[in-house]
Amino acid sequence: MRLATIVRDGHPSVALVRDRGVLPLQMGEEWAASMRGIAARGAPARESIADWAAQQPASADLPLSEVALGPVVPDPGAIFTIGLNYAAPGDDPRERPERPLVFGKLPSSVCGDGAVVSWDRGLTDNVDGESELGVVIGPPAWQVEPDAAMDHVFGYTCINDFGSRDPWFDGDQWLLGKSFAGFCPVGPWIVTPDELGDPGNLRLGATINGIPIQDGRTSQMRYSIGEIISFLSRHVVLRPGDLIATGTPVRLDGRIGPERRLQPGDVMTVWVEGIGELTTSIG
């Protein structure tokens, strides 16, 4: 199942993504009005949505080209980002830090597929993005073991982890440097675990203006999704709709190179196998 947040007349709502378009959820269920409400119910919500959708005519679908896609979770309670979680090509993923490196982004930084992102270049002109497999939490997780952690995943999405590389932002002000408005594009939709399958060996990457800048696999993660959720849940309560950006592959030595920063007019696309593409324009 694929679920998106669509925006019509300035109002976000949840829709089921189908082959012929998107079907806005109008089920009469209070929990179906928000992605966090659906995530909280987990698998039973998926079953209810599937049963309801099977009864809806094709004419109820809206063409995907005629709707705007908002951030899949417009109001996440928390966004956790994991640093240094990918081994470089040729390195052993088992050689890893003693614990996951955890920092975060403010929920106000989220934006959707197709957004135009700009920022005060008087503060920083040294910004780049990173392709990450995003995890959307379903039922709350508190002190769960790694082998039970995946029961708390509602679904997966693409996240572009924007951040400033200026020394003071990238040194001692990570939260500010990663939380400008629009610095967390997330989408285009959520793919539930029953459709995606094993998230542990997906290809993912990114392009700027069509030129590849990242290309890796989630099998290069030093800490698995289950280990990350378990580690976080030992310290904090993970709640429905919380987002986890699970890390990013190394930057390619290619036509653009690792030091190329985002510039006005750039179009950056991150993609994850089995999920899709998330595109952001730089204003």
Side-chain angles (χ1 to χ4, degrees), residues 2-4 17 69 71-73 79-93 96 100-103 105 110-115 117 127-137 150 153-163 178 183-229 243-258 260 262 266-280:
R2 297 179 178 225
L3 292 167
V17 181
L69 295 176
V72 291
V73 184
I79 305 171
F80 301 93
T81 53
I82 309 300
L84 305 178
N85 198 37
Y86 274 69
D91 290 349
D92 187 347
R96 60 187 191 176
L101 174 61
V102 180
F103 42 99
K105 304 171 84 75
V110 297
C111 66
D113 182 49
V117 175
V127 172
D128 66 7
E130 298 173 333
S131 176
E132 310 214 5
L133 173 64
V135 173
V136 183
I137 294 296
M150 302 303 282
V153 174
F154 175 66
Y156 302 92
T157 190
C158 304
I159 290 179
N160 191 342
D161 181 14
F162 277 60
K178 286 183 169 289
F183 269 31
C184 189
V186 54
W189 36 66
I190 295 170
V191 179
T192 54
D194 56 308
E195 178 166 332
L196 184 67
D198 180 15
N201 190 23
L202 302 174
R203 189 179 173 194
L204 75 166
T207 63
I208 294 178
N209 303 329
I211 301 171
I213 63 166
Q214 289 180 290
D215 194 336
R217 302 197 74 89
T218 56
S219 56
Q220 296 169 303
M221 285 186 185
R222 292 186 166 108
Y223 282 92
S224 69
I225 294 169
E227 290 173 317
I228 291 168
I229 292 173
L243 299 174
I244 303 173
T246 55
T248 193
V250 298
R251 189 83 172 247
L252 299 174
D253 289 319
R255 290 169 55 192
I256 288 184
R260 166 64 151 76
L262 292 169
D266 282 345
V267 176
M268 183 171 180
T269 298
V270 303
W271 51 270
V272 180
E273 179 184 6
I275 298 176
E277 296 183 346
L278 171 66
T279 295
T280 308

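Atom set for the values below is all heavy atoms of this structure, side chains included, hydrogens, waters and symmetry mates excluded. Residues take their numbers from the sequence shown, with the count starting at 1.
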For this session: Report the C-alpha distance between Val186 and Val136 in whole Å, list the side-chain angles of each, state the deciding distance to 0.1 Å, and finish with yes or no for side chain to side chain contact (heavy atoms under 4.5 Å, CB included).
Result: CA-CA 11 Å; Val186 54; Val136 183; over 6 Å; no

Indicate yes or no: at least one non-hydrogen side-chain atom of [X] is less than 4.5 angstrom from one of [Y].
X      : Y      : result
Asp215 : Leu252 : yes
Gln214 : Thr248 : yes
Cys184 : Ile159 : yes
Val272 : Tyr156 : no
Ile229 : Val153 : yes
Asn160 : Glu132 : no
Leu262 : Ile208 : yes
Leu133 : Pro199 : yes

Can you name the closest pair of heavy atoms from [X] and [Y] and give their distance?
X      : Y      : answer
Ala115 : Cys111 : CB-SG, 3.8 Å
Leu278 : Gly112 : CD1-C, 4.3 Å
Thr157 : Pro188 : OG1-N, 4.4 Å
Gly187 : Val72  : CA-CG1, 3.7 Å
Ala4   : Leu69  : CB-CD2, 4.0 Å
Pro258 : Asp253 : CG-OD1, 3.2 Å

Check whether any side-chain N or O of [X] sits under 3.5 Å from a backbone N or O of [Y] as a donor-acceptor pair, and report yes or no.
X      : Y      : result
Trp271 : Thr279 : no
Thr218 : Leu202 : yes
Glu195 : Thr192 : no
Ser131 : Val270 : no
Lys105 : Phe183 : yes
Lys178 : Gly163 : no

Rounded to the nearest 0.5 Å, what separates atom [atom1] in [X] from atom [atom2] in [Y]?
X      : Y      : atom1 : atom2 : answer
Asn85  : Met221 : CG    : CE    : 6.0 Å
Cys158 : Trp189 : SG    : CH2   : 9.5 Å
Ile256 : Asp266 : CD1   : CG    : 7.0 Å
Thr246 : Phe80  : OG1   : CZ    : 14.0 Å

For this session: Output, in order, the C-alpha distance, side-chain angles, deciding distance and verdict of side chain to side chain contact (heavy atoms under 4.5 Å, CB included) for Tyr86 and Arg222.
Result: CA-CA 6 Å; Tyr86 274 69; Arg222 292 186 166 108; 5.7 Å; no

Exercise. Is it true that the NZ or CZ of Arg96 lies under 6.0 Å from the centre of Tyr223's six-membered ring and within 45 degrees of the ring axis?
Worked result: yes

Problem set entry | Candidate pair Ile213 and Met268, rule side chain to side chain contact (heavy atoms under 4.5 Å, CB included), full reasoning | CA-CA 10 Å; Ile213 63 166; Met268 183 171 180; 3.9 Å; yes

Exercise. Can a salt bridge be assigned to the pair Arg217 and Glu273 using a cut-off of 4.0 Å between side-chain N and carboxylate O?
Worked result: yes

Problem set entry | Residue among Leu101, Val135, Ile228 satisfying side-chain contact (heavy atoms from CB on, under 4.5 Å) with Ile82 | Ile228

Exercise. Where do Asp128 and Arg260 land on the salt bridge (Lys or Arg N to Asp or Glu O under 4.0 Å) test, with the steps shown first?
Worked result: CA-CA 8 Å; Asp128 66 7; Arg260 166 64 151 76; over 6 Å; no

For this session: Kindly indicate, with the supporting measurements, whether the criterion side chain to side chain contact (heavy atoms under 4.5 Å, CB included) is fulfilled by Val73 and Leu243.
Result: CA-CA 8 Å; Val73 184; Leu243 299 174; 4.1 Å; yes

